2 protein chains.
Amino acid sequence: MTENTDLKDYWENKTRLLPSVSIDCVIFGFHNNQLKILLLKYKNTNYYALPGGFINLDEDLEDAAQRVLEDRTGLKDIYLEQFHVFGCKNRRNDETHQQIMSASGINLKPNHFLLNRFISIGYYALVDFSKVIPTPDDLSDSCQWYDLDKIPHLMFDHNQIFEKALETLRLMIYDKLVGFNLLPTTFTMNEIQNLYETILGEKLVRSNFQRKILSLGILERIEKKMTGAANKAPYLYRFVRD
Amino acid sequence: MTENTDLKDYWENKTRLLPSVSIDCVIFGFHNNQLKILLLKYKNTNYYALPGGFINLDEDLEDAAQRVLEDRTGLKDIYLEQFHVFGCKNRRNDETHQQIMSASGINLKPNHFLLNRFISIGYYALVDFSKVIPTPDDLSDSCQWYDLDKIPHLMFDHNQIFEKALETLRLMIYDKLVGFNLLPTTFTMNEIQNLYETILGEKLVRSNFQRKILSLGILERIEKKMTGAANKAPYLYRFVRD
DNA sequence: TATTATTGTATCTATTTGATACAATAATAG
DNA sequence: CTATTATTGTATCAAATAGATACAATAATA
């Protein structure tokens, strides 16, 4: 396997990276009435992980997070929020890293920076599923969407990171209206409700939910969405914010 | 000025510390109906700062935060919460560090780890003011309480860190009932209200506030607090949580 | 025209919140 | 002993919000 120049330079020229700190991203998308997250699978291994990366020495933390997200999704200006720092001293182990690197034909010297201790800054991102172009990194053979109820065992503390992100998203869902970042430009009331039910993990009463959302004054009614179904057509709405 | 052995070892033996990461703590206390925070003043300088510190290589992040807090307050098992990571690349500058260290008789070599870039993990802590023993660190000549409306200009981004902590505390005040960590074991209804008003920065309607707090079912009425004043004595309450 | 299923809105009850007032002290002056 | 003052605990009414349920209005087809 040919190791490309950028990767070799990246892994070995550690002076370009901020030591000890990594970023792990929980990227949420919404499709077919299911909340999903993007996961990587490392080449020639059964290791799954959240997308993530490091911070360049000359880069703001937030810019680094945006860059990491753009690399995996192809999108710019993604809605993202920090939600927690994960800093247990034993949250990673060398053996797993060696396996992952070996599976990609890379042998880590015992004092390689990647084997040092890292704390991870957790970000959750909300993207329009239809615009994402999932893009594996150089160590992974896939970058794919997973329904929340079909998430494989993730390496290290990534399952905990994911759960903390979901918990935070649930708390924010009404206060910050972040869920709208997961919808396309226009959507129906049924789609909004399905989104909220998926995030919150509970059934909502249709008429009360609709009254509540409409009372916020954040939706503009556009036109009816005629689908050919033998029943009343729903309105399409657009998110507007003053 | 004599430099004690621990400090010399600490600053020069950087392999014991996790590089690039620091902790900054906003320590809230409540006294005389005023919310206050603990601030350090560096020796022989006019530099004020939030208490903080580093993480030992063999220490969990949370343990490091507790240790830092204990060193400044003398208290264990302090209520603390992460609230944000501050990671702008230019959030600190070498000149200020040189001045602070010089003022303490320490000359930093140009490649000293302290001059490297750091991201800071912000914690807010809520302490019982009456139990705190403010303790300066080795570089500071004072560690004192400051009313929120009398905070001096802090170095680097510490004013922003403080403001973000207060914002987060305000958001959490009803959902997590964290304010009670700031009160002594027993308190009056007037004291609770003053605490909430100080945190929220707004006047509350006495009877409605009392009804709301009592309806939570988290307070146990103890006995009356007779103060000798020519009016009705208030009850003392204790915080109980199931 | 009747049917079916979906969507938008209405209605009633219950709960919570905001505004305001009243009742009950506690110590002291007269 | 009564009146006064100031504070605290609770009551009350109106308004707003939330929960439960139902009704009206479609849209396409048999």
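Computed from heavy atoms alone, side chains included, the values below leave out hydrogens, waters and symmetry copies. Quick caveat, the model's predicted, so the values are computed rather than measured. Note on naming: letters A, B, ... go to the chains in the order of the sequence lines (proteins, then strands), and numbering restarts at 1 for each one.
A search for side-chain contact (heavy atoms from CB on, under 4.5 Å) contacts involving Asp71(A) returns Arg67(A), not counting sequence neighbours.
Side-chain atoms of Gln82(A) come within 3.5 Å of backbone atoms of Val85(B) as a donor-acceptor pair (strictly under, hydrogens ignored). Between the side chain of Asn181(A) and the backbone N or O of Val178(A) there is at least one donor-acceptor pair closer than 3.5 Å. Panel note: side chain Arg117(B), backbone Arg91(B); no donor-acceptor pair is recorded below 3.5 Å. Within the 3.5 Å criterion, the main-chain N or O of Leu139(B) finds a donor-acceptor partner in the side chain of Asp137(B).
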Tabulated below should be each protein N or O lying under 3.5 Å from an N or O of nucleotides 16-18 of chain C; please produce it.
residue: dG18(C); atom: N7; partner: Arg211(B); partner atom: NH2; Å: 2.9
residue: dG18(C); atom: O6; partner: Arg211(B); partner atom: NH1; Å: 3.0

Under 3.5 Å, which protein N or O atoms sit close to an N or O of nucleotides 22-26 of chain D? Give each pair with its distance.
residue: dT26(D); atom: O3'; partner: Lys224(A); partner atom: NZ; Å: 3.3
residue: dT26(D); atom: O2; partner: Lys232(A); partner atom: N; Å: 2.9

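Salt bridge present: Lys36(B) and Asp147(B) bring a charged side-chain N and a carboxylate O closer than 4.0 Å.
Of the nucleotides present, dT1(C) is the one that pairs with dA30(D) by Watson-Crick or G-U wobble criteria, both distances under 3.5 Å. The partner of dT2(D) is dA29(C), judged by Watson-Crick or G-U wobble contacts that both fall below 3.5 Å.
Annotation: salt bridge (charged side-chain N to carboxylate O under 4.0 Å, His left out) contacts involving residues 162-183 of chain A, sequence neighbours excluded, comprise Glu81(A)-Lys176(A). A salt bridge (charged side-chain N to carboxylate O under 4.0 Å, His left out) check over residues 185-200 of chain B, counting only residues at least two apart or in different chains, returns the pairs Glu191(B)-Lys225(B), Glu197(B)-Lys203(B).
Of the N and O atoms on the side chains of Gln34(B) and Tyr146(B), not one donor lies less than 3.5 Å from an acceptor on the other residue. Of the N and O atoms on the side chains of Ser130(B) and Asp128(B), at least one donor lies less than 3.5 Å from an acceptor on the other residue.
Of the residues in residues 189-203 of chain A, those placing a heavy atom less than 4.0 Å from an atom of DNA chain C are Met189(A), Asn190(A), in numerical order.
Of the residues near DNA chain C, Tyr237(A) and Ala230(A), the one whose nearest nucleotide (by heavy atom distance) lies more toward the 5' end is Ala230(A).
For Glu223(A) and dT7(C), the CD to P distance is 16 Å, given to the nearest whole Å.
With distances taken from any side-chain atom of Pro234(B) to the nucleotides dT10(D), dA27(D), dT8(D), the minimum falls on dT8(D).
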